[in-house]
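Okay, structure first, notes after.
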Amino acid sequence: MKLFQLKIRNYKGFSDEVVLNLYASRYALIGRNNSGKSTILNAINLLLGSKDPRYITLSESDYFDTEEDILIELTMVADDLKEIWDLPTAKKNKGIFAGKYSKEKLSAQVILTLNQKLDNSISDKFTIKFGGFPVHQKIADLRNSLSKNVIAPPIRDAKDELSASKWTAYGVLMKSILESSPRYEELSTHLTQLNTLIEEMLNEEKKQILNSSQLITFIQDIKFQLTKENKPSELLRNLELFVQENDKYFHINDTGTGTQSTIIIAILELALKHKATKSKILCIEEPELYIHPQGIRFLAQLIDKIVKDTGCQVLVSTHSPIFISTLDPRSIIRIEKNKNGSKIHQLPSNYQDVDNKIKRTLNSENAEMFFSSKVVLVEGETEQIIFNELSTNLKFDDGIEVNYFKNNCTVCSVGGKDNIGNYLDILRKYNIPTKAIVDDDFLDMKRSYSKICDDNGIDKNLDRESLRKELKNIGVYVIPEGETEDLISSQDLSEMSGKSVEEIDEIKAGEPKTSKAFERKIFNLTKPECAFEIVDFYRGKESSPFDVLIKWGIE
């Protein structure tokens, strides 16, 4: 079974009911710390984790409002008909469910609901509906057969996650692998032999213990065995892991946190791939922790491979643009929090990324925009460098710093005019305040501004200046002087380059664009290099010709 939808109400930071659509195989949960990413993963785990929800008692701190009930509802859909017939429920119910599945796959749903009040006044705090009908028998068996949920926590410490003293999610998975091995009986035989040997070695000690004990209590016998239930798989509690480096083996506890994190996730991958495991949902909190950039990219590939090889669903909470740069935009779930609680922002299932422009242009740098409080869209690297760097010098009239980085504002280069409309649309759907600053020739190409006009009810056939005004009103600033480079006076360019004002004017007149004049003759440098020359010149001055634009972008 696959996750299809999750509803949460009044649970931890979520006050009003929120709905997450989870129809794809991989999702990234993004948002600031304490926004609610972990709460979403914990909500799934309450319904599908190792503990039976019927015996879970939520604490006062789990309630946003202690006077109201908590609702966590998870809707699941089947992968195929065989999966339905294999579920441990009444044949009649399975027949009805299979009939719905044959007509419309998404109408055949299993709905798990946890509904609990702090005073325990709700009798059926956990229910399952199978194809629309409530289940009253074998509830635990049905829940366990639907899917298992595994959470990899954010602090992947080997002392905890590979502990010999307690079962962890990883230990349970490895246990299932061991018990399904064709050599399990062989291991069982060896365990019996070891227990017999121990009994023989401790036989005299056993007699002494019995003689003393039977004087004050009634016991018939005692015996020693290596595992609590005398099952070979219980030996995994004492399994120790060593890593070889430079011909020497080191205990996993003595390696770096990055190594520990990577190995534990690799173990998780192994367990999920194993045919015996029922685990089909993997939740990983901040997999980028302690991992270098190339390692993060590899882990992103590994997660994709897990999805492909196992057919499981993966939900990742992350602060890393690398993890979301390869996703379909619809798979990004943004959580934000205010005094009224946490909110969810997700693209609708029918959202169209026109020509896949967003997905194709996303990279680990511009994907930062999804983590931002505000975004300024620009056409290329020049504006991105200049606006970011010179914003650190500026203050608004009330003394508040403009500094883009301090205000969690991203200047995002979209790689061309045609992409502005798509980026503007998608960011606003994520409730991220966004503005765009573009060159004057943006108005020369109707295809560049058509989507923006259509999305905002602007007449595309307005005259140039009227269109400029209307676009600025909805957050798109079209520079009337031409390019960003045209804002710089010839006098300033003369001081930067050492050329005379007359030479500067002559060079600019001989080139179709000022930016080309910068690259070819004024500085004879690449665009980024030109941008840093400009930044260095204005950084120590009281003002720059870009101040108005920079302030407007973040206002």
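We're numbering straight along the sequence, starting at 1. Values reported hereafter were calculated over all heavy atoms of this structure, with side chains retained and with hydrogens, waters and symmetry mates removed.
Residues K94 and T89 form a side-chain contact, since some pair of their non-hydrogen atoms from C-beta on lies under 4.5 Å apart. Looking at I8 and L71, their side chains never come closer than 4.5 Å, going by heavy atoms from C-beta outward.
The closest side-chain donor-acceptor pair between H345 and E336 falls under 3.5 angstrom. A donor atom on one side chain and an acceptor atom on the other are found under 3.5 Å apart for Y423 and T361. Side-chain atoms of E285 and S38 include a donor-acceptor pair closer than 3.5 Å. Between the side chains of N407 and E401, no donor-acceptor pair is found at a separation under 3.5 Å. Using modelled atom types and a 3.5 Å distance limit, the side chains of N21 and Q5 yield a donor-acceptor pair. Between the side chains of S61 and S59, at least one donor-acceptor pair of N or O atoms lies under 3.5 Å. For T66 and E60, the side-chain atoms include no donor-acceptor pair closer than 3.5 Å. A donor-acceptor contact closer than 3.5 angstrom links the side chains of S373 and R32. Of the N and O atoms on the side chains of E286 and T318, not one donor lies less than 3.5 Å from an acceptor on the other residue.
In this structure, CG on D86 lies 9.0 Å from OG on S145, to the nearest 0.5 angstrom. Interatomic distance, L41 CG to S317 OG, rounded to the nearest 0.5 Å: 5.5 Å. Going from atom CZ of R54 over to atom CG of L114 covers 12.5 Å, rounded to the nearest 0.5 Å. Taken to the nearest 0.5 Å, the OG1 atom of T127 stands 7.5 Å off from the CG atom of N115. The NE2 atom of H190 sits 6.0 Å away from the CD atom of Q193 when rounded to the nearest 0.5 Å.
Ring planes of F370 and Y430: perpendicular class, angle over 60° (limits at 30 and 60°).
Using a 4.0 Å cut-off between a side-chain N of Lys or Arg and a carboxylate O of Asp or Glu, D16 and R9 do not qualify as a salt bridge. The residues D80 and K82 are annotated as not salt-bridged, no charged nitrogen and carboxylate oxygen being separated by less than 4.0 angstrom.
Considering all non-hydrogen atoms of both residues, L81 and A98 come closest at CD2-CB, 3.8 Å. Across all non-hydrogen atoms, the minimal contact from L142 to F130 is CD2-CD1, 4.3 Å.
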* To do: Kindly determine whether E199 and K206 satisfy salt bridge (charged side-chain N to carboxylate O under 4.0 Å, His left out), including the steps that lead there.
  => CA-CA 8 Å; E199 287 278 306; K206 172 181 171 179; 3.4 Å; yes

